[in-house]
Amino acid sequence: MSENRSATFGLDGLSRQFPVLEGTIGPDVVDMRALSQKTGVFSFDPGLGSTATCTSAISYIDGDKGVLLHRGYPIEDLALNASFTETAYLLLYGELPTAAQYQAFRTDMNTHRLLNEQIRNFFNGFRRDAHPMAILCGTVGALSAFYHDGLDISEPKARDLSARRLIAKVPTIAAWAYKYSIGEPFIYPDEEMSFSENFLHMLFARPGNHYRVNPVLARAMDRILLLHADHEQNASTTTVRLVGSTGANPYACIAAGIAALWGPAHGGANEAALGMLETIGTRDGIPAFLNEVKNRNSGVRLMGFGHRVYKNFDPRAKILQATCHEVIEELGLKRDPLLDLAMELERVATEDDYFVSRRLYPNVDFYSGLILKALGIPKSMFTVLFAVARTVGWVSQWKEMIEEPSVRISRPRQLYIGAAERNFVPMSERR
Ligand code: CMC
């Protein structure tokens, strides 16, 4: 990060200089930390659209060019050449692993997949029809009650241990949340399998019914996870950093990230996108649905479209579109009616002036739901899968934040628009 120029901010005839910070790539950032101290005013930026809240060396997005880099590597290269576990190593430690580093990391991570047996008891406390995100959020937060040796966040070894445990154990909790919801026995993790093979195994194997993991489907799952691993300072990552800035333990921070991801504008969008396709039903339903979307009073959005940062295309959506076709072919679903509908909807919307003028394009969630459905994963599990993947990004960003010497508790200010100070009125005198 370099700092050679300054920006001038003027107010009531007084001007003040603020340093301009230059990152490796991307727009310059004006360092406004001293704004209130120098001028007595605050900046107003709800949604944080113009505000950088941290420095980070993990991922980078160029929304206009449709570029996503992980530690400098384009997401397309990683999706084609690396595994999810390799990408996890890259995000956590900054470099691609050598063969020996990868083997050691993989072996260690696989041993962390198992949950303390007491954690099984948690599941019985939930209703069978509980949303798996509720189970995931609660159980991940509860991990801090079990793994005390990872809680001293001032210790680098403890931080690393917690980071690895979270990446390895969240899939087990996720798969067990699913098994619980369908009344099937929990399947214990298999240390010999890859991350994605083991995840599919825990979701679909049953005692007495040998489940063979299809390599094409495991690869598709791995790709979905890899594409969701990190994404700059999105809402859930910002939540993890904010909670982490208070010194909260990593399990609590990741549980908070899971809660933030749950919303339909963020991680819930793939579930909502598939639900939308099911509601539209057939190609004939597309015009009426798009008219509803364009009616500003309807509150209906085209789910799986639009992005706060990508304004031309989402590179992850392109990769998933191809993966979606691979999966449909492998499963012999040559003509999947929902896929046909999705492709037609994409074609019509990307030629429609409403979406073109607002620069709304399919995002990663437009296709991920279709792939997950083809893999036999129910809609209620879609956001859970996103959480399994994003745990890698969350823990990497949490570690980066804790290791930043100048980290301060996040404490935004506000523009107060409530009543000015007034006198208390006793109840007997109130009207
Ligand atoms: N359908 C219809 N209109 C839309 C949509 C949409 N999906 N997204 C944005 N718009 C319109 C919006 O109404 C506004 O129109 P106008 O200028 O007339 O007021 C304009 O486009 C700009 O929208 P915005 O709300 O300012 O955009 P934003 O950056 O705040 O919202 C978003 C980004 C992702 C929340 C939004 O595009 C959206 O709700 N999309 C659908 C949900 C979705 O697919 N979310 C997954 C995002 S990708 C996963 C991830 O990376 O986390």
Side-chain angles (χ1 to χ4, degrees), residues 45-51 58-64 66-70 75 133 224-240 257-277 279-280 286-321 342 345-346 348-372 379 382-394 397:
D45 184 17
L48 301 174
S50 296
T51 300
I58 299 178
S59 53
Y60 170 80
I61 302 171
D62 183 330
D64 286 327
V67 169
L68 169 60
L69 305 178
H70 281 2
I75 194 70
M133 279 299 276
I224 291 184
L225 295 174
L226 187 153
L227 292 174
H228 284 86
D230 195 50
H231 214 222
E232 278 194 354
Q233 306 311 315
N234 54 84
S236 56
T237 302
T238 302
T239 303
V240 169
I258 293 169
L261 188 73
W262 199 349
H266 190 7
N270 50 10
E271 187 177 339
L274 191 64
M276 172 193 76
L277 291 174
T279 307
I280 298 173
I286 292 176
F289 178 76
L290 290 184
N291 281 338
E292 217 183 334
V293 168
K294 291 185 225 171
N295 171 4
R296 296 176 63 95
N297 299 323
S298 73
V300 177
R301 285 201 160 190
L302 182 50
M303 299 311 284
F305 257 67
H307 201 275
R308 172 60 64 82
V309 185
Y310 295 119
K311 296 300 177 193
N312 278 324
F313 68 93
D314 177 342
R316 304 166 303 168
K318 280 202 163 174
I319 301 165
L320 280 194
Q321 188 188 38
L345 182 58
E346 178 183 353
V348 175
T350 50
E351 287 173 4
D352 187 309
D353 188 55
Y354 176 93
F355 299 97
V356 175
S357 63
R358 288 171 178 77
R359 305 174 78 194
L360 302 171
Y361 295 87
N363 60 49
V364 69
D365 291 318
F366 194 70
Y367 282 102
S368 64
L370 286 164
I371 302 177
L372 295 176
K379 261 193 300 190
F382 288 5
T383 317
V384 173
L385 254 102
F386 193 161
V388 166
R390 189 53 61 83
T391 298
V392 169
W394 292 330
Q397 301 259 358

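Heavy atoms only: backbone and side chains are in, while hydrogens, waters and symmetry mates are out. Remember, it's 1-based here, ligands and their atoms both numbered in the order they're listed.
- Among all protein heavy atoms, the one lying closest to atom 47 (C) of ligand 1 is Asn363 ND2, 3.6 Å.
- Using a 4.0 Å cut-off between charged nitrogen and carboxylate oxygen, Asp352 and Arg358 do not count as a salt-bridge pair.
- Rounding to the nearest 0.5 Å places CZ of Phe289 at 7.5 Å from OG1 of Thr279.
- Within a 4.0 Å radius of atom 22 (C) of ligand 1, the protein contributes no heavy atom.
- In terms of protein heavy-atom proximity, atom 36 (C) of ligand 1 is nearest to Arg301 NH1, 3.2 Å.
- Residue Asn297 holds its CG atom at 11.5 Å from CD of Glu292, rounded to the nearest 0.5 Å.
- The protein heavy atom nearest to atom 42 (C) of ligand 1 is Met303 CE, 3.5 Å.
- Among protein heavy atoms, atom 9 (C) of ligand 1 sits closest to Leu360 CD2, 3.5 Å.
- Nearest non-hydrogen protein atom to atom 52 (O) of ligand 1 is His266 ND1, 3.0 Å.
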How far apart are the C-alpha atoms of Trp394 and Ser236, what are their side-chain angles, what is the distance that settles it, and do they pass the side-chain hydrogen bond (donor to acceptor under 3.5 Å, both in side chains) test? CA-CA 8 Å; Trp394 292 330; Ser236 56; 3.1 Å; yes
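- There is no protein heavy atom less than 4.0 angstrom from atom 26 (O) of ligand 1.
- Polar contact with ligand 1: present for Phe305 (N/O pair, distance under 3.5 Å).
- Interface atoms of ligand 1 facing His231, defined by a heavy-atom separation under 4.0 Å, are 51 (O).
- Taking only nitrogen or oxygen atoms, main chain and side chain alike, Asp365 does not reach within less than 3.5 Å of ligand 1.
- Using a non-hydrogen distance threshold of 4.0 Å, Val293 registers as a contact of ligand 1.
- The nearest heavy-atom contact from the protein to atom 29 (O) of ligand 1 is Arg308 NE, 2.9 Å.
- Within the structure, the closest approach of Tyr354 to ligand 1 falls below 4.0 Å when heavy atoms are considered.
- Judged by distance alone, the side chain of Ser59 and the main-chain N or O of Glu232 form a donor-acceptor pair under 3.5 Å.
- If you look at Asp314 next to ligand 1, there are no close heavy atoms at all, none under 4.0 Å.
- At a heavy-atom cutoff of 4.0 Å, ligand 1 is contacted by both the backbone and the side chain of His307.
- Proximity annotation for atom 34 (C) of ligand 1: of Gly306, Gly263, Ala273, Gly306 comes nearest, heavy atoms only.
- Counting the atoms of ligand 1 from 1 in the order shown, those under 4.0 Å from a heavy atom of Ala269 are 43 (C), 44 (O), 45 (N), 46 (C).
- Ligand 1 has at least one atom lying under 4.0 Å from a heavy atom of Arg296.
- The N/O atoms of Leu302, backbone and side chain alike, include one that comes under 3.5 Å of an N/O atom in ligand 1.
- Of all heavy-atom pairs between Gly306 and Leu360, the closest is CA-CD2, 3.7 Å.
- Between the side chain of Asp314 and the backbone N or O of Val364 there is at least one donor-acceptor pair closer than 3.5 Å.
- His231 and His266 have their aromatic ring centers separated by at least 6.0 angstrom.
- Ranking the protein heavy atoms by distance from atom 11 (C) of ligand 1 puts Arg358 CD, 3.8 Å first.
- Scanning Ala349, Gly49, Ser368, Gly304 for the heavy atom closest to atom 44 (O) of ligand 1 points to Gly304.
- Using a 4.0 angstrom heavy-atom cutoff, Arg316 counts as in contact with ligand 1.
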